[in-house]
Amino acid sequence: MHARILLALEALQREGALPEGLDFANVEVSPPREAAHGDLASNAALVLAKQAKMKPRDIADRLAEKMKAVPEVAAVEVAGAGFLNLRFHPSFWHGVVAAVLKDGTSFGRADLGKGERINVEFVSANPTGPMHVGHTRGAVFGDALAKLLQFTGYAVTSEYYINDAGAQVDALARSAYLRYREALGEDIGQIPEGLYPGDYVKPVGQALAKEHGSALLNYPEERWLPLVREMAIAAMLAEIKGDLAALNIQHEVFFSERSLTAGTDQVRETIEELRGKGLVFEGRLEKPKGHDDGEWEDREQTLFRSTDFGDDVDRALMKSDGSYTYFAADMAYHRNKLARGFKTLINVFGADHAGYITRMKAAVAALSDGKAALDIKVCQLVKLFRAGEPVRMSKRAGTFVTLREVVDEVGRDPVRFMMLYRKNDAPLDFDMAKVLEQSKDNPVFYVQYAHARAKSVFRNAQAAFPGLTENSPQVLGADLARLDDAGELDLIRRLAAYPVLVQSAARAHEPHRLAFYLYDLASAFHAQWTRGNDSPHLRFIQPEDGSLTAARLALIGAVANVVASGLALLGGMARDEMG
RNA sequence: GGCCCCGUAGCUCAGUGGAUAGAGCACCUGAUUCCUAAUCAGGGGGUCGCAGGUUCAAGUCCUGCCGGGGUCGCCA
């Protein structure tokens, strides 16, 4: 319809009713917030008034005349300051139902990305233990975003950056070595400060004992550490992959930080490349404020000139012991992504890494000479509740709740849905009791139930009309003109909005919009169902009227289709029955 | 102190620069005890934190304040 408006505007130009050389870029066509304003509204006259040096209403009137000639358009009116409101013939809406049924779960698919490659990095939790509930949100968000972008025409690579090179994994290795000695019968006492006390390290120790016997006891640390570390990381990574699988998440690429320096030293290359651009230098930093641990040592160090890109201070690339900082390695990692041909990068961060955004964007701008885009989505904290009571967690006391515990308790689909039922940058309360409630208060149930209810209608229809199934010719070829109730047309309008919504969610990198849409669609469907209580003629199954029943079942089939499609994009499964 | 995020109904939150700012919960009123599967309809309730600016048009974009949270060399 947008194209039709542009055509009409061009026609007006040819006729001399509008001046030449207008910029139509800001002309939009969208469903108005207020249903009374019609099915679609355009701001064309408002946008063009100044350029054309005409009154908005004059432009709108001329445009309205043109639009009346468009076949699907039933009515055109000029309203407000100069809005053009369009109304469609019912046949237009009936076509939407047919389109949904024809396209199935690919209804709403788009080609926004035109096949462009895009990299989505998410989770990237340290391989030092199982994932806890805090990681869950970023994991679900990243995965849903990847699916959404895939659905809208991007070639998405989902990626996990393994921090397997720092001091953390050495601490993990030492913890595993202790557990190894324990497995050989030694009393290791308390796990020292700085190491990982969790029980999940025990199996690694046992596996080491099984594989090496007591041989490692006689090795010096520089000999056993790499061995133990490799095994421990592999074990933790397997654990993490299992946790992710429980959420139905599979990254395509697991990228090892260690691999950056394994062959050619890509971190060194990155630093030298930036030095060549004049963006790396030797200098001093001022002591940071708000933190007085007395260990501050003023020294000359290798710095990245991130202040050129809006950062507060330049960032250190080398530690005092001569090794690379985490940031230096991360720069090399992003350089690697760029070298693999990605022009658009998305990183999903936890709230505690928000302070890292500016320097990371600076890095990508510097490395790509401003030609690549990095979008960083920050997921705020999740507060865990059980029946209204906050669940207390302390990492120090080892009482943190793992991702696996939550998934085991409430199930994968509720976790995924609720993690997306908030905008990513707003904090989220997650109540493990509430998501299992079977009531309207629980959005998960409400949406799933809409789908189950639709399926149930089909099952019930069998009594009066055997063979009237979802894919039957009666339903697919139903006389959709029979759909003339206001509630039915409202449902169809919502279905028609799905492709637009999917695209705006993809463009904004905001999958939560989909969750809210599904809730609204489910709500409209339940409302229509309930109207049948008071008004039997609105019930979906009309035993005396097969043609009407077929048309309504077609509508219901279309609703179920879109609910299933939307849930799939969020990473959940539609259910045919509520258990 | 610097930076980032948030501030919208009593509460929890939606709101691709568009018209009279929405939903759920809670509250009030009413309908239903039938039916296809787990109610539904209506109502009250708002200075969109404050003040400027950009725009034909600002909850939305920009700047400055206020309030809440997070974060602040070499950890990751």
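Letters A, B, ... mirror the listed sequences (proteins, then strands); counts begin at 1.
Using a 4.0 Å heavy-atom criterion, one finds that A461(A) contacts no nucleic acid atom at all. Residue V457(A) is classed as a base contact, given a heavy-atom separation below 4.0 Å to a base. Residue contacts for V47(A): at a heavy-atom cut-off of 4.0 Å it reaches a base atom on one of the strands shown.
Look at the P atom in both G68(B) and U8(B): the space between them is 14 Å, to the nearest Å. A distance of about 15 Å separates the C1' atoms of G52(B) and C66(B), rounded to the whole Å.
Side-chain polar atoms of Y326(A) and Q168(A) form no donor-acceptor pair below 3.5 angstrom.
In terms of phosphate contacts, K319(A) brings a side-chain nitrogen or oxygen within less than 4.0 Å of OP1 or OP2 of A76(B). Within the 4.0 Å cut-off from OP1 or OP2 of A14(B), not a single side-chain nitrogen or oxygen of R513(A) is found.
Taking the six-membered ring wherever Trp is involved, the centroid distance between the rings of F430(A) and F385(A) does not fall below 6.0 Å.
T530(A) contributes no side-chain N or O that forms a donor-acceptor pair with the base of C40(B) under 3.5 Å. Between the side chain of H512(A) and the base of A14(B), no donor-acceptor pair of N or O atoms lies under 3.5 Å. Evaluation of atom-type donor-acceptor distances gives a pair under 3.5 Å for the side chain of N43(A) against the base of G18(B).
The aromatic rings of Y446(A) and Y519(A) sit tilted, their planes meeting at an angle between 30° and 60°. Using cut-offs of 30° and 60° on the angle between ring planes, the pair Y498(A) and Y517(A) is tilted.
The number of heavy-atom neighbours closer than 6.0 Å to CD of E544(A), taken from other residues, nucleotides and ligands shown, is 12 or below.
Picking from C13(B), A37(B), C5(B) the nucleotide with the shortest atom distance to the side chain of W529(A) gives A37(B). Among the nucleotides A41(B), C3(B), G18(B), the one closest to any side-chain atom of L46(A) is G18(B).
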message: Set out, in order, the CA-CA distance, both residues' side-chain angles and the distance that settles salt bridge (charged side-chain N to carboxylate O under 4.0 Å, His left out) for E437(A) and K434(A), then state yes or no.
response: CA-CA 5 Å; E437(A) 257 175 43; K434(A) 195 162 191 176; 5.8 Å; no
task: If a protein heavy atom is under 4.0 Å from the base, mark B; if only from the sugar-phosphate, S; if neither, -; do that for nucleotides 21-34 of chain B going 5' to 3'.
output: ---SS---------
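Base pairing analysis places C13(B) opposite G22(B); the two distances defining the Watson-Crick or G-U wobble pair are each below 3.5 Å.
Here F83(A) packs flat against the base of A19(B); its ring centre is closer than 5.5 angstrom to the base's six-membered ring, tilted by less than 30 degrees.
Tested against Y333(A), the residues E159(A), Q266(A), E257(A) include a single side-chain contact (heavy atoms from CB on, under 4.5 Å) partner, E159(A).
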